[in-house]
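Notes to accompany the following structure.
Predicted, not measured: the structure shown is a model, and the values here were computed from it.
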Amino acid sequence: MDKFHAMQVFTRVVDTDSFSRAADTLGMPRGSVTRVIQELEAYLRVRLLNRTTRSLSVTSEGAAYYEKCVRILADVDAAEAEFAAITRAPRGRLRVDMSGSLGKFIVVPALNDFHARYPDIDLTLGFGDRLVDLVQEGIDCVIRIGELDDSTMVARRLGVFQLLTAASPAYLARHGTPMTLDSLRDHLAVNFVSTRTGRVVNLNFSVDGKVVNVHANSRLSANDGDAHLQCGVMGLGLIQVSRVIAQPFLDAGTLVEVLPAYRPAPLPISVVYPQNRHLSPQVRAFVDWTAELFARCPSVQTSDGNATGNAKGGKARIQHSANPVESIAA
């Protein structure tokens, strides 16, 4: 006896409340349906159905068995659908939102590779520092900076977001290199103004595991990440930026990191998407591609390369920052 087939026949008989209707929907002779139920009852050694020439009813044992069969058959259908989605070529629209710095310096430069792999995905990218509601706005997934603390979302860890303090060689030649936080009183900083709050974002540092905010002297402020970075490169003051943005300038020698012992604690970067029984092929493709992309980016990996991993969590309303200076923990 094929037990899986017997479960399908039994549940169809219960659902249709008829041997004849079950046979019609299954494309089987009525006698075959009757024989399958008889063999199933003999195998289980229990009566599942009470039937007469005019009525059909489920026994208490049959009702309990029916509930278990429904769950088993649903799990099998879900597993088959999931693997069918894996083997099916991803196609269709995909909406993704992320912080501007991660998008501009990591994701966008690699989009030719993404489209070469998945030519049938119509990708829409959003950048900004506003609150994002994935469900309400129909966004498929986001790349988020910050801790995840809500199991209504699923997340995959991509790397770490590290802030650092830097200045140009010309600025350091004029003002000297700060060696302690107290020495910052003798220096100028280029302030960053949050476009979300309209307030100056103070320099922040980590001292013995605690966050220390420093309000530095300043004669210049900017609310645009590119302009803020350029001011630092021009020698107009100390800046605090993400390593993602600063790395090319550090490599070129146009910026020099200062106070490395007091770097702020790094924040996790994750790709986050709504919890769903069946993950769409488009989202799965983008998540896997993004994980590969970030794994190849040294500026978001720890020195031992262990910044990536899997994590559960997230927020239905997720905040990003387009500005590299703001550390975000929504």
Side-chain angles (χ1 to χ4, degrees), residues 98-112 127 129 145 159-195 200-206 213-267 269 293-303 305 307 320-328:
M98 66 191 72
S99 75
S101 58
L102 298 180
K104 180 177 181 179
F105 289 91
I106 298 179
V107 177
V108 171
L111 285 180
N112 279 335
F127 306 97
D129 60 354
I145 300 167
V160 293
F161 185 85
Q162 177 70 69
L163 286 175
L164 56 84
T165 309
S168 72
Y171 172 88
L172 297 177
R174 292 194 306 270
H175 299 275
T177 301
M179 304 303 294
T180 66
L181 298 190
D182 288 339
S183 65
L184 289 176
R185 68 187 61 170
D186 300 322
H187 285 267
L188 291 173
V190 179
N191 283 337
F192 189 86
V193 179
S194 169
T195 56
V200 170
V201 179
N202 289 330
L203 303 179
N204 76 89
F205 302 90
S206 179
N213 289 305
V214 176
H215 183 72
N217 298 320
S218 178
R219 297 196 297 259
L220 181 62
S221 300
N223 68 354
D224 175 79
D226 291 336
H228 179 256
L229 174 69
Q230 192 61 34
C231 288
V233 173
M234 292 170 59
L236 299 177
L238 300 170
I239 57 173
Q240 198 163 65
V241 295
S242 70
R243 180 170 290 282
V244 171
I245 289 178
Q247 194 62 58
F249 300 89
L250 296 172
D251 293 341
T254 52
L255 281 179
V256 177
E257 182 179 6
V258 298
L259 301 169
Y262 302 104
R263 287 177 194 154
L267 293 170
I269 303 172
L293 175 64
F294 276 67
R296 298 194 301 266
C297 181
S299 60
V300 295
Q301 300 298 316
T302 57
S303 58
H320 296 289
S321 178
N323 15 17
V325 175
E326 287 189 271
S327 302
I328 301 302

> Taking only residues two or more places apart in sequence or in another chain, which ones pass side chain to side chain donor-acceptor pair (under 3.5 Å) with Ser218?
Replying inline: Asn191
> Going through the distances and angles, do Asn202 and Val214 end up as a side chain to side chain contact (heavy atoms under 4.5 Å, CB included)?
Replying inline: CA-CA 6 Å; Asn202 289 330; Val214 176; over 6 Å; no
> Which pairs, with at least one residue in residues 162-181 and sequence neighbours excluded, count as a side chain to side chain donor-acceptor pair (under 3.5 Å)?
Replying inline: Thr165-Gln240, Tyr171-His187
>> Using the side-chain contact (heavy atoms from CB on, under 4.5 Å) criterion, which residues pair with Asp186? Sequence neighbours excluded.
In response: none
> What distance do Glu257 atom CD and Leu250 atom CG have between them, rounded to the nearest 0.5 Å?
Replying inline: 6.5 Å
>> Suppose we screen for side-chain contact (heavy atoms from CB on, under 4.5 Å). Which residues come up paired with Ser299, at least two apart in sequence or across chains?
In response: Arg243, Val244, Gln247, Cys297
>> Val107 vs Phe294, test: side chain to side chain contact (heavy atoms under 4.5 Å, CB included). Steps then yes/no.
In response: CA-CA 9 Å; Val107 177; Phe294 276 67; 4.1 Å; yes
>> Could you walk me through whether Val241 and Phe249 satisfy the side chain to side chain contact (heavy atoms under 4.5 Å, CB included) test, starting with their C-alpha distance in whole Å, then the side-chain angles of each, then the deciding distance to 0.1 Å, before giving a yes or no?
In response: CA-CA 11 Å; Val241 295; Phe249 300 89; over 6 Å; no
>> Among residues at least two apart in sequence or on other chains, which ones pass side-chain contact (heavy atoms from CB on, under 4.5 Å) with Leu181?
In response: Leu184, Phe205, Val207, Val212, Leu259, Tyr262
>> Once side-chain contact (heavy atoms from CB on, under 4.5 Å) is applied, do any residues pair with Ala110, and if so which ones, sequence neighbours excluded?
In response: Trp289, Leu293
> Does any non-hydrogen side-chain atom of Phe161 lie less than 4.5 Å from one of Ser99?
Replying inline: no
>> Rounded to the nearest 0.5 Å, what separates atom CD1 in Ile145 from atom CG in Leu102?
In response: 4.5 Å
